[in-house]
Amino acid sequence: MFLAKVVGKVVSTQKDPKFIGSKLLIVKKIDENEQILGEPIVAIDTVGAGISETVIVVTGSGARYIDTGDKVVPADASIMGIVDSIEWNTGY
Amino acid sequence: MFLAKVVGKVVSTQKDPKFIGSKLLIVKKIDENEQILGEPIVAIDTVGAGISETVIVVTGSGARYIDTGDKVVPADASIMGIVDSIEWNTGY
Amino acid sequence: MFLAKVVGKVVSTQKDPKFIGSKLLIVKKIDENEQILGEPIVAIDTVGAGISETVIVVTGSGARYIDTGDKVVPADASIMGIVDSIEWNTGY
Amino acid sequence: MFLAKVVGKVVSTQKDPKFIGSKLLIVKKIDENEQILGEPIVAIDTVGAGISETVIVVTGSGARYIDTGDKVVPADASIMGIVDSIEWNTGY
Amino acid sequence: MFLAKVVGKVVSTQKDPKFIGSKLLIVKKIDENEQILGEPIVAIDTVGAGISETVIVVTGSGARYIDTGDKVVPADASIMGIVDSIEWNTGY
């Protein structure tokens with residue numbers, strides 16, 4: 001999984017039927033200084049994340065095992081949690 | 001998933017039988033400024049995407065779960081939606 | 001999937017039994033100018049590709065779904081088609 | 001798998017129910033000189049790893065097969081072992 | 001799959017029970033000039049590879065399909081063969 005910041009949302013009407021009803025957020029990875037890294041990634045959200053929140057994103061086939069009610073959404077990235085706090089070991 | 005622009009299409013006659021009938025588009029990732037990023041990726045299209053459109057692409061095993069009728073296409077990248085609009089949080 | 005050029009082949013006698021009989025080619029990604037990109041990748045070939053040909057390669061678990069007769073080859077990259085033609089949208 | 005150093009831990013209360021009870025550590029890859037590489041990765045820990053320890057991390061669907069008792073945690077990265085010793089071949 | 005050189009081995013006692021008995025080697029990718037590329041990767045070995053040998057490594061879920069007797073090892077990288085010879089097409 002990776003730490004990320006929610007930086008946007010995307011709307012798509014003409015889409016695969018299995019994604020109907022999914023909330024699609026755009027996230028970007030962050031590092032230990034909360035600096036934004038790399039490219040935007042589109043993730044489904046089932047935990048109620050909002051813009052600017054720090055979240056944990058699971059990718060790959062694990063993203064389909066996230067609780068999406070009685071259907072499987074074939075996502076490759078899902079927000080699995082909202083971060084309360086992070087403790088860094090700064091000794092390295 | 002990632003945001004992408006459709007930048008081409010590819011024709012292949014001599015191919016794995018499971019891909020017969022699949023429309024193969026070439027996409028490139030885009031960033032929040034709609035700048036093209038990185039290498040071309042070949043994705044199957046089942047949602048009717050066309051050249052220059054902005055789309056959402058799902059990769060990995062999720063790409064096989066996209067609705068392709070009564071068969072499974074062993075793709076590793078599928079266009080899952082056409083983007084209507086994106087809302088960016090520019091405050092970071 | 002990605003576009004690639006076949007740049008070599010590899011012979012291995014002492015190997016996992018599930019790969020016995022598989023043809024192992026070495027490919028490299030290409031971009032829209034047919035420039036070679038990045039590192040060599042070893043892919044199985046079931047479509048009859050040859051040295052210097054432009055091919056489409058599927059990676060990940062999809063590579064195991066390629067038609068390899070009555071057995072499953074646990075490859076993570078398979079040539080799924082030989083490219084006839086590519087149409088690029090040069091307007092971006 | 002990759003070699004990594006445990007560099008932090010993350011707490012998330014509002015999360016997918018399948019992750020309840022999982023210990024979430026933050027790791028970073030290391031090279032042969034024990035130099036930290038790249039971005040932070042969040043991994044579940046079931047082997048009792050602690051801050052600053054050198055560990056082996058398995059990613060992708062393999063991360064779900066790690067022993068997590070009687071449930072499956074849909075992680076994409078799991079610490080599968082604590083490193084006792086590494087023997088490098090410095091002749092290259 | 002990728003071509004790699006075996007550059008080390010790692011010992012871990014405190015580990016996931018499914019990895020007990022697995023030989024864990026450290027490999028690094030090589031290019032067409034046999035130059036070492038990138039980061040160390042930990043792979044299980046079932047084909048009898050040794051330090052300095054050139055091998056082929058399969059990653060992702062395919063790594064679990066490698067013949068490991070009567071159990072499944074949840075690895076994400078496995079050495080699937082020892083390279084006898086490579087034929088490069090130097091015309092590109």
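In the text below, chain A, chain B and the rest are named by the order of the sequence lines, each starting its count at 1.
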[atom1]/[X] to [atom2]/[Y] distance, rounded to the nearest 0.5 angstrom?
X        : Y        : atom1 : atom2 : value
Gln35(E) : Glu39(C) : CD    : CD    : 13.0 Å
Phe19(C) : Ile66(E) : CZ    : CD1   : 5.0 Å
Tyr65(E) : Arg64(C) : OH    : CZ    : 4.0 Å
Met80(E) : Ser22(C) : CE    : OG    : 7.5 Å
Asn89(E) : Glu53(C) : CG    : CD    : 11.5 Å

Polar contact flag, side-chain donor to acceptor under 3.5 angstrom, Thr59(E)-Asp76(C): yes
No-hydrogen, no-angle side-chain donor-acceptor test under 3.5 Å, Thr46(E) and Asp16(C): no
Quick check on [X] against chain C: is it the side chain, the backbone, both or neither that has a heavy atom closer than 4.5 Å?
X        : result
Leu37(E) : side chain
Ile79(E) : neither
Ile56(E) : side chain

Gly81(E) versus Ser12(C), closest heavy-atom pair with distance: CA-OG, 3.6 Å
Is chain E contacted by the side chain of [X], its backbone, both, or neither, given a heavy-atom distance below 4.5 Å?
X        : answer
Ser52(C) : both
Lys18(C) : side chain
Ile41(C) : both
Leu24(C) : side chain
Ala43(C) : backbone

Greatest number of heavy atom pairs closer than 4.5 Å to chain E - which of Val73(C), Ile51(C), Ile44(C), Val10(C): Val10(C)
Asp70(C) atom CG: more than 12 heavy-atom contacts under 6.0 Å: no
Residue selection (most heavy-atom pairs with chain C, distance under 4.5 Å) from Val47(E), Leu3(E), Ile82(E): Ile82(E)
Sub-4.5 Å side-chain heavy-atom contact between Ile26(C) and Trp88(E): yes
